[in-house]
Amino acid sequence: MYIENGIAYAGEKAPMLKVYGIRPMKDYKLWLRFSDGTTKVFDFTQMLDKPAFAPLKNVELFNKVYLDYGVPVWNDGDIDIAPEYLYAN
């Protein structure tokens, strides 16, 4: 059990998940290392048809991914994606 903002919750509070390492790969894939030590490869092609990520169809822009406080971002922070989403998918 843990208490946050005066509310008691069952179970243990999950630590905040961050990306500690990232590398763009061929075919719109990202290699990711998470704060819990897990490494995964995320296939970003499924996201490119969503309006928020459409600019990343430009492979040069996609390859300029970087981390900002543990979150993958592009285009000076205009585009980002949650580490939790990348971890779960």
Side-chain angles (χ1 to χ4, degrees):
M1 180 175 91
Y2 66 97
I3 298 174
E4 188 172 303
N5 297 325
I7 300 171
Y9 295 90
E12 297 296 319
K13 185 174 181 178
M16 182 158 231
L17 192 61
K18 293 184 177 184
V19 177
Y20 280 1
I22 192 165
R23 278 187 249 148
M25 300 171 65
K26 285 177 57 175
D27 301 322
Y28 298 101
K29 291 182 175 66
L30 293 173
W31 176 89
L32 304 151
R33 186 178 71 245
F34 293 91
S35 53
D36 68 354
T38 303
T39 59
K40 296 186 177 204
V41 174
F42 181 81
D43 185 351
F44 215 88
T45 55
Q46 62 187 349
M47 306 298 289
L48 296 175
D49 289 330
K50 299 183 186 297
F53 299 109
L56 299 179
K57 288 180 183 178
N58 176 333
V59 74
E60 289 180 23
L61 179 58
F62 179 82
N63 287 337
K64 290 181 180 178
V65 64
Y66 64 97
L67 296 174
D68 190 7
Y69 296 100
V71 177
V73 296
W74 294 264
N75 205 24
D76 294 326
D78 288 340
I79 303 169
D80 64 22
I81 189 163
E84 296 82 5
Y85 182 84
L86 295 170
Y87 192 91
N89 296 287

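All residue numbers refer to positions in the sequence shown, counting from 1.
A continuous path of hydrophobic side-chain contacts links W74 to Y85 [ILVMFWY only; heavy atoms under 4.5 Å]. At a threshold of 4.5 Å between side-chain heavy atoms, the hydrophobic network of Ile, Leu, Val, Met, Phe, Trp and Tyr places V19 and L17 in one connected group.
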Could you give the side-chain donor-acceptor pairs of residues 33-43 under 3.5 Å, partners two or more places apart or in another chain?
residue, atom, partner, partner atom, Å
S35, OG, K18, N, 3.1
D36, OD1, T38, N, 3.0
D36, OD1, T38, OG1, 2.9
D36, OD2, T38, OG1, 3.2
D36, OD2, Y87, OH, 2.7
T38, OG1, Y87, OH, 3.4
K40, NZ, Y87, O, 2.6
D43, OD1, T45, N, 3.0
D43, OD1, T45, OG1, 2.7
D43, OD2, T45, OG1, 3.4

For residues 51-64, run the donor-acceptor check on the side chains, cut-off 3.5 Å, and write out each pair with its distance to 0.1 Å, sequence neighbours left out.
residue, atom, partner, partner atom, Å
N58, OD1, E60, N, 2.9
N58, OD1, L61, N, 3.3
N63, ND2, V59, O, 3.3

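To the nearest 0.5 Å, the span separating CE on M47 from CD1 on I79 amounts to 11.0 Å. Rounding to the nearest 0.5 Å places CG of L32 at 14.0 Å from OH of Y20. Distance check, rounded to the nearest 0.5 Å: CZ of F44 to NZ of K50 gives 10.0 Å. Atom NZ of K29 and atom CZ of R23 lie 15.5 Å apart (nearest 0.5 Å).
With sequence neighbours left out, the side-chain contact (heavy atoms from CB on, under 4.5 Å) criterion links A88 to no other residue. With sequence neighbours excluded, no residue satisfies side-chain contact (heavy atoms from CB on, under 4.5 Å) with Y69.
The shortest side-chain heavy-atom distance between L67 and P72 falls under the 4.5 Å cut-off. Within the 4.5 Å cutoff, the side chain of L30 has heavy atoms near those of the V65 side chain.
Through direct or indirect side-chain contacts shorter than 4.5 Å among Ile, Leu, Val, Met, Phe, Trp and Tyr, I3 is connected to no other residue.
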- Verdict with supporting geometry, Y66 and I22, side chain to side chain contact (heavy atoms under 4.5 Å, CB included): CA-CA 7 Å; Y66 64 97; I22 192 165; 6.0 Å; no

